[in-house]
Student: 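Take a look at this one; I'll ask things after.
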Amino acid sequence: AAPITSALAAPAKGLEILGAPNGSTIVLLRLLQSGALSASAPDATFRLWRDTDELRAAIVSGRTSLFTTPTHVPANLANRGLPLKLFAILSMGHLFVISSDASITSFKDLAGKELVGFFKNDMPDLVFRSIARGYGMDPDKDMTITYVRTPMEAAQMLAAGRATTAILSEPPATAAIMMAKKEGRTLNRAISLQDDWKKQHGGLGLPMAGIAVHERLIEESPELLKAMAAGLPGARDWVLSDPAAAGQLGEEKMDMKAPILASALSHFNVVAEPAAKLKPGLVAFYETLLSFQPEALAGKLPPDSFYLDF
Amino acid sequence: MLSLSGLRLRFGAAEIIAGIDLHIGAGELVVLLGPSGCGKTSLLRIAAGVERATAGRVENGFRRVAMVFQDPRLLPWADARDNAAFGLKAAGMGKAERRTIAEAILLRLGFSAGDLDKRPSQLSGGMMQRVAIARAFALSPDLVLMDEPFSALDVGLRHDLQALLRAEVEGAGAAVLFVTHDVTEAVRLADRIVVFSPRPACVVADVTQAPMLASVGAAYEASAALLRRAEIAAALAPPGASPLALAGARERLSLAGKASAARR
Amino acid sequence: MLSLSGLRLRFGAAEIIAGIDLHIGAGELVVLLGPSGCGKTSLLRIAAGVERATAGRVENGFRRVAMVFQDPRLLPWADARDNAAFGLKAAGMGKAERRTIAEAILLRLGFSAGDLDKRPSQLSGGMMQRVAIARAFALSPDLVLMDEPFSALDVGLRHDLQALLRAEVEGAGAAVLFVTHDVTEAVRLADRIVVFSPRPACVVADVTQAPMLASVGAAYEASAALLRRAEIAAALAPPGASPLALAGARERLSLAGKASAARR
Amino acid sequence: MAVPARPLSPALLSAIWGMAGLLALAGAWQWGAMVFGPFVLPSLAETGEAVVRLVDSGKAGPALLATLVHALAGCAAGGAVGFLLGVAGGLAMPVGAMSYPVFTALLGTPPIAWVVLALLWFGPGGGAATFTVAITAAPILFIATLQGMRSRDRGLAEMAQLYRAPAFMRFTDLVLPALADFLIPALATALAFSFKVAVMAEVLSGADGVGGGIATARSHFDLPETMAWIVLAIAVLILADALLLAPLRRRRAGRGAPVPLSAEA
Amino acid sequence: MAVPARPLSPALLSAIWGMAGLLALAGAWQWGAMVFGPFVLPSLAETGEAVVRLVDSGKAGPALLATLVHALAGCAAGGAVGFLLGVAGGLAMPVGAMSYPVFTALLGTPPIAWVVLALLWFGPGGGAATFTVAITAAPILFIATLQGMRSRDRGLAEMAQLYRAPAFMRFTDLVLPALADFLIPALATALAFSFKVAVMAEVLSGADGVGGGIATARSHFDLPETMAWIVLAIAVLILADALLLAPLRRRRAGRGAPVPLSAEA
Ligand SMILES: Nc1ncnc2c1ncn2[C@@H]1O[C@H](COP(=O)(O)OP(=O)(O)OP(=O)(O)O)[C@@H](O)[C@H]1O
Ligand SMILES: Nc1ncnc2c1ncn2[C@@H]1O[C@H](COP(=O)(O)OP(=O)(O)OP(=O)(O)O)[C@@H](O)[C@H]1O
Ligand SMILES: [Mg+2]
Ligand SMILES: [Mg+2]
């Protein structure tokens, strides 16, 4: 773990914070909204990124140095030479198997079933496959997975009754359940992948999403990182204690529907922990990815300095 | 039997053909004479059924109609042989047979073997005209509509084809409606000569005669005589266009010329 | 002064022009006669500088060259007036002025006011030809290359334009190179008549004469005399194409006709 | 044989038939909505309501304007480049032969290859979308213009050469009208693509415009609103096609019955 | 004035110039890679290595084949529909007028609108990609064919009518050769788009093929591999263009110097 090196620095100017389009971003958003960063980054703005290209362009061009992201993204980019560090973990997993088939209650019940997956060969898919292996199942033989690109389409197909079972992330999982309910269909949150993961990894959770920073931010605005470190737990508590207000905030800034986000929050496993503190869980996660697809992390674990502490 | 009765044609407000009756039977060659732009081509197109008259009746009892259009209308992507064989292909004849026939006719019309493979862009004006003629005659039509068909041919070919045409009329009994501006040609070929007025076209003279292919001198005399008839001279060689009346107009033209020269 | 010396043209292996020398000075009208496909158009295109000879020299001392192509080459999207004014526009003349000049010339050539706005697709064959002629003369050129320019015109217009052309040669001193198939026209117009052999073209006769515009009868006599000269008759009206030799060939043609009829 | 009275102008008649075609498309959509349910395809009624909502809320106007600007600016810029290179390629063989595979490659390259580059150069504010549109429109115009140049009438070119028409006049009086037949379909194709590509680029690059609206509606799982955005974009496209290209088509049709360029001598 | 000896055939010459064009494109790429760094554009060398890796590992072959099949099948199916409707539209005004806005709308509709529909109908195994390609190719061919029909030579049609040419012969002997000038650029455009759309649809629908490879490489942030996939797809596209369309172009050029359809009477 690398402690943040302190230096005298002016407030960060024109900081653009990019938020990943998943629910845990709401914590960072709350932090910003609460004014906790107004001293160290007075004119900070917030924007969603929708595609990794957009994120990459923003980082390379220097427009952004602070963003929320799935945890494997900064690890991969750091291994490829972009000086990124993981600052904090915000979500301990938000992957579920949702099904209208009431007989599916545990992972093993998926044997012989058809299901819809998304982001083939990407992190959610790899997590699912790892868990399947853990139960001695071959995801390519013991079940039939058809893939769509994004969780939106998977949720749409579930809600339309065109698919029985799907792997989904939050909040699309909640959205699918709510949409189906409108149509009079019941969808069950059959399996929580993070629970199964935890079981298979000796109690280490699934650190799925967090906050990453560019080295230049560490050098130029240590004050900002300090302010974040100080404010994050409070922001997390606010989100957990007032889902309705959080939903409202998400609707304003994150293109999400307030009721969906609010009811999805309880399935988010929202945390606010320093990356260094969760390093064992992260390493376990990364090693799993490496065992499946080394390219997903550019072939190696990120260096120790990658995990920041506060 | 081709009968046009009470034929009228308008393009918008402009009257082109103002009531024409014309009847042609088998074995008859009728030549149409008339000033440029009077409506001869339009009449042929109506007779061919590719243009609708504004009023009047068209009755066509002939089965095999061929036409030599005023422009050659050849397929640019096909060679001379295939263009000449177009009508035969349309009639369902096999490839080898129709090519043999087309070749024979083209060679008869003065093509050399090497020219058979040339596409229209590689042919001279007169050669294109001959391909269009070959296309029409390959069908051995019983009605042939010909719009200034020999205008781009040299004297030798022209006389040759005139003889060939008369032979078709007399031998095979074809009916021919023939447009030309060459009065001598009209006199050499025609059983009947119909002269049109300037636009809107109506018939100003309808002369039945014996074709004068045999004697060049006689044809010349007859055509001179035709042009001496007042109503025909008025239509084909109006006094306003006589060389004597040119002086004033020429001034205008050279004036125009001067103005343009000044600009250069 | 236009000088063509030792001119040769080949398309691939085929020889089209086999060594021609031709010189034309100001105020001279030279008519080219020759069988269809012999290379007259090709020679004119070389003289105009739009085609390159395979061998030989082209020297053109004239400044304003105009050409009436064998086909009208009008812009399909422009009306008669604008087509006639094309050369003037190319020379940089303003819109109003060039249109006035083009109109005056077209009216002089027998256009009615209503026809000035017509596009080529709405004009008759002879009208298109007249637009092309107007385009050439609007420029008051000092060299005019004319490729069968009057072939689609009626007798009246043709005589009128012949007179006009002579006036341009005699009055304005223009040089004219004129291709026609009409021997009488050649005799009426020419200061000199050059006769080409069949392809590959070479000069078989070069006759200097006085133009016979004035008398139709004299022109007829002179043209008949020309065609009686052996070398000219051989080029323009070869014995093989005389009506007498037709019988055998006609059989072939009607045979072809029968075959096609059988299929229908 | 009197010609029957024609009460409707050809343009009006064709517009009416066009409406009929769009109605048939709407019918197919409604049928699909009924068969597949609202989560695959929302119904016409729902979508219509969403359209009204978007228009009323004042969101539609600025977004459509932004997309229109991206599409038209990109189409114009790229189209101009493609057109000019096409003309140049028609005049000088090497230019055409060199550009052809390059434009084919550009046309076939998924935008993924340059999205980041475009974002770097032009920023996320719509510049990237405009660039992506331009790079799509250029090859369409280039390929069509090149073919048009190759198909042009040499006889007319010869005539113009003889009369020493200056280059600019040859371009305006000969080349351009002759190219119209090729430019009209190419422009129609490029314009329609421009809208699609602009919208998709906006979705990907997080710009505003219709693409931004669609991205939001999709993350709201609001299918009727998604389709409403698309319907609005298509409506603007058809309007743009009618306003910008129909005059060209009318002018071309106004040449009268198409004839060979130099017919009937 | 002897014509200088020409040692190179026009086709070869144009292929050489084409190579030069692609080299220039590669040069621009390399320059971009140097200026913007590996996170924007990987270098040619890195990409080349990735190409070799993909080919050696045996991944490239099947993926390229799958994409080729999606692209060609979709292009052929959609192109045929567009072509036939275009011909019909040229013969019967209502067909053309009805179809025109429908095809414009289809061309302008972002695939988002029917991704799910296509998945439902055709399944994720490439069917959806083929469908998306078809729906892109059809309007391109339709618009061009319709214009070609409208621009065709009435004089020749009249001639064929007079000689009572049967409908099929008119189609093969008159319509088709006259349409060639319009079909050649439309086919080139449609083919290039087919590859791009097939790849993007594969990315979206999770199918295999190049799109699958790109999706994976992208989620790995493996830029050289992403570009390698794109380069491979473009290579196949240029090959397909050369093999499928060049014969058409040569045949068209073989008509000799283009002349007006009925010139020099
Ligand atoms: N591009 C070409 N390729 C091959 N041969 C050609 C080409 N252009 C013309 N020719 C040939 O050149 C010869 C002369 O053609 P040209 O047009 O000069 O004849 P012409 O004397 O004007 O005939 P006409 O009186 O029939 O107009 C013809 O035999 C023609 O077939
Ligand atoms: N589509 C059209 N619209 C308007 N007027 C037309 C159209 N087609 C032909 N005309 C007019 O009809 C008249 C007759 O044309 P047509 O071609 O029948 O003349 P023609 O007697 O064959 O003349 P030429 O001897 O010069 O060939 C011309 O004045 C022409 O301007
Ligand atoms: Mg006529
Ligand atoms: Mg000629």
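It should be emphasised that the depicted structure is a prediction, and the values quoted were computed from it without experimental measurement. Letters A, B, ... mirror the listed sequences (proteins, then strands); counts begin at 1.
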Student: Is B:S112 close to chain C through its backbone or its side chain, or both, or neither, when contacts mean heavy atoms under 4.5 Å?
Tutor: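 When you check distances to chain C, only side chain atoms of B:S112 fall under 4.5 Å.
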Student: Supply the atom-to-atom distance C:F150 CZ to B:S151 OG, rounded to the nearest 0.5 angstrom.
Tutor: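 Between atom CZ of C:F150 and atom OG of B:S151 there are 14.5 Å.
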Student: Measure the CG-CG distance between C:L157 and B:L236 for me, rounded to the nearest 0.5 Å.
Tutor: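 Rounded to the nearest 0.5 Å, the CG-CG separation comes out at 10.5 Å.
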Student: Using non-hydrogen atoms only, which part of B:L161 is less than 4.5 Å away from chain C: side chain, backbone, both, or neither?
Tutor: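 Answer is neither: B:L161 stays 4.5 Å or more from chain C.
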Student: Between C:T100, C:D115, C:V216, C:L33, who has the most heavy-atom pairs with chain B when the cutoff is under 4.5 Å?
Tutor: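 Heavy-atom pair counts peak at C:D115.
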Student: If I measure from the heavy atoms of chain B, does C:D147 come under 4.5 Å with its side chain, its backbone, both, or neither?
Tutor: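 C:D147 has no heavy atom closer than 4.5 Å to chain B.
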Student: Looking only at heavy atoms, what is the nearest atom pair of B:G126 and C:Q70, with distance?
Tutor: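 Of all heavy-atom pairs spanning B:G126 and C:Q70, the closest is N-NE2, 4.2 Å.
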Student: Apply side chain to side chain donor-acceptor pair (under 3.5 Å) to B:E170 and list each qualifying residue two or more places apart in sequence or on a separate chain.
Tutor: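 Checked B:E170 against side chain to side chain donor-acceptor pair (under 3.5 Å); matches are B:R166.
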Student: Among C:R130, C:Q122, C:M127, which has the most heavy-atom pairs under 4.5 Å with chain B?
Tutor: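 If we count pairs closer than 4.5 Å to chain B, C:R130 comes out on top.
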Student: Could you work out, with side chain to side chain donor-acceptor pair (under 3.5 Å) as the rule, every residue matching C:S215, not counting sequence neighbours?
Tutor: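 Here no residue qualifies.
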Student: Need one label for B:R199: side chain, backbone, both or neither, based on atoms under 4.5 Å from any heavy atom in chain C.
Tutor: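 Contact with chain C: side chain only.
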Student: I'd like to verify something: which residue of C:V155, C:V183, C:L153 has the highest number of heavy-atom pairs under 4.5 Å with chain B?
Tutor: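 So the answer, after comparing C:V155, C:V183, C:L153, is C:L153.
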Student: Output the distance between atom CZ (B:R158) and atom CG (C:D182), rounded to the nearest 0.5 Å.
Tutor: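 That separation rounds to 7.0 Å.
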